[in-house]
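One structure below.
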Amino acid sequence: MDKTIIYIDDSGQLHPNYPHSDVFVYGGYWTTEEANDEIIKYYGVLKHQIFNTNHEIKASNMSASIKTQIIKRLKNKFKDKFNPIFVSVDVKSLTIDFSSKQNVQLHKNYLIRRYIEFAVKHKRSILGNNSTNVDVHIDDQSKTKLENYDSIERYINKCMQGKYYSDKHIWMNSTANFTVKYEDSKMSNGIQIADVLANSKMDYHIGKFHNVNLKTVMINKNINRPLKLPKYWTSSELENRN
């Protein structure tokens with residue numbers, strides 16, 4: 001059975017009044033079922049070597065050089081088995097009703113779907129085959145309960161099966177079965193890795209990587225550029241806005 005494993009965490013807030021950044025990021029990675037346990041175990045080794053602990057260390061408490069070291073070591077060891085993915089959002093370009101928690105949650109579900117599409121397409125481009133199953137693991141962040149709407153798992157499956165219509169977006173088709181699980185990052189090395197990736201991309205967008213050129217590292221390690229939404233933008237455009 002061919003299974004793809006996807007991990008996702010976020011960085012920033014999906015609100016235009018968030019004081020620290022105009023960007024909201026979903027970051028993480030996809031891997032194969034065969035490599036998943038190896039990556040999880042190796043991150044445990046890295047934590048012990050770098051921080052002398054087996055407990056979770058939040059990426060926000062790591063230096064830029066440490067986060068870069070972790071990304072490089074994971075990519076060096078696992079190469080095409082470890083594939084970072086990013087979706088970066090210019091929040092102030094969105095037109096959703098931010099006063100409605102339900103609308104914000106619905107847009108987060110949409111962004112997660114775009115992230116999963118991005119990951120599956122990348123997997124197809126590298127391995128050239130379709131998975132029969134895709135397991136999605138998301139940080140157990142605060143969620144707004146959506147009354148009278150599909151769960152995110154049902155939403156993802158219906159989108160991939162062509163059961164949603166949109167005149168603005170061409171859905172990606174997939175016959176795979178998608179499962180979605182929310183996990184406590186304290187108990188998941190996979191989510192902790194996603195935290196490092198999402199936080200690093202956020203810090204890059206807001207100019208915190210002064211002494212480490214994260215963009216060069218990403219290019220040298222053949223890591224995909226982020227999918228930028230709602231339309232393509234650059235970090236310099238955001239800087240010029242402020």
Side-chain angles (χ1 to χ4, degrees), residues 5-30 58-60 85-121 134-172 174 176-188 190-195 197-199 201-202 205-206 226-231 233 238:
I5 313 292
I6 298 174
Y7 290 93
I8 307 173
D9 195 8
D10 67 31
S11 186
Q13 287 188 16
L14 196 65
H15 197 285
N17 295 331
Y18 182 57
H20 303 297
S21 173
D22 289 348
V23 183
F24 178 78
V25 174
Y26 275 119
Y29 67 98
W30 70 263
K58 287 290 187 182
S60 57
I85 295 289
F86 306 95
V87 171
S88 299
V89 182
D90 176 7
V91 178
K92 290 192 175 180
S93 292
L94 298 176
T95 57
I96 63 175
D97 179 6
F98 289 101
S99 66
S100 167
K101 291 183 179 180
Q102 178 169 273
N103 285 351
V104 171
Q105 186 62 55
L106 286 169
H107 196 74
K108 284 185 176 182
N109 289 358
Y110 162 76
L111 295 174
I112 289 170
R113 177 181 66 74
R114 294 297 301 273
Y115 180 104
I116 293 169
E117 282 186 346
F118 197 31
V120 170
K121 287 178 180 178
V134 179
D135 286 356
V136 181
H137 304 260
I138 307 174
D139 180 44
D140 190 15
Q141 56 199 291
S142 59
K143 300 179 293 296
T144 300
K145 187 175 181 180
L146 298 174
E147 299 290 348
N148 303 317
Y149 285 93
D150 287 330
S151 67
I152 189 167
E153 181 173 290
R154 184 172 174 80
Y155 165 65
I156 297 298
N157 278 284
K158 287 174 72 172
C159 285
M160 299 301 179
Q161 295 164 12
K163 295 180 180 179
Y164 273 102
Y165 170 77
S166 172
D167 59 357
K168 296 181 180 179
H169 180 68
I170 298 174
W171 310 102
M172 185 194 78
S174 175
N177 177 56
F178 290 79
T179 62
V180 178
K181 301 175 182 176
Y182 285 93
E183 297 181 353
D184 184 347
S185 61
K186 292 179 181 179
M187 307 301 294
S188 171
I191 296 296
Q192 291 174 36
I193 295 170
D195 174 43
L197 291 164
N199 182 265
K201 180 59 71 177
M202 171 62 79
H205 285 316
I206 62 179
L227 173 64
K228 292 185 175 180
L229 298 172
K231 59 183 179 179
W233 50 269
L238 301 188

Which atoms form the tightest heavy-atom contact between [X] and [Y], and what is the distance?
X: Pro226; Y: Lys201; answer: CD-NZ, 3.8 Å
X: Ser185; Y: Asp139; answer: CB-OD1, 3.6 Å
X: Ser93; Y: Pro230; answer: CB-CG, 3.7 Å
X: Pro16; Y: Lys92; answer: O-CE, 3.2 Å
X: Ile116; Y: Ile156; answer: CD1-CD1, 3.9 Å

Are a donor atom and an acceptor atom from the side chains of [X] and [Y] found within less than 3.5 Å of each other?
X: Ser188; Y: Glu183; answer: yes
X: Asn157; Y: Glu153; answer: no
X: Ser21; Y: His205; answer: no
X: Ser60; Y: Asn199; answer: no

> Parallel, tilted or perpendicular: which fits the ring planes of Tyr26 and Tyr115, with parallel below 30° and perpendicular above 60°?
Replying inline: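 Geometry flag for Tyr115 against Tyr26: perpendicular rings.
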>> Between Tyr18 and His15, is the ring-ring contact (aromatic ring centres under 6.0 Å, His included) condition met? List the steps.
In response: CA-CA 6 Å; Tyr18 182 57; His15 197 285; 9.0 Å; no
> Below 4.0 angstrom, N of the basic side chain to O of the carboxylate: do Asp195 and Lys58 qualify?
Replying inline: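 Judged by the 4.0 Å cut-off on N to carboxylate O distance, Asp195 and Lys58 do not form a salt bridge.
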Heavy-atom distance under 4.5 Å between the side chains of [X] and [Y], does that happen here?
X: Leu106; Y: Leu146; answer: yes
X: Ile152; Y: Ile112; answer: yes
X: His107; Y: Leu111; answer: yes
X: Gln105; Y: Lys108; answer: yes
X: Val87; Y: Val25; answer: no
X: Ile5; Y: Trp30; answer: no
X: His20; Y: Ile206; answer: no

>> Between Lys228 (side chain only) and Trp233 (backbone N and O only), is there a donor and an acceptor less than 3.5 Å apart?
In response: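 Yes.
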> Among Phe178, Phe118, Tyr155, whose side-chain contact (heavy atoms from CB on, under 4.5 Å) with Arg113 holds?
Replying inline: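 Looking at Phe178, Phe118, Tyr155, the match for Arg113 under the side-chain contact (heavy atoms from CB on, under 4.5 Å) is Tyr155.
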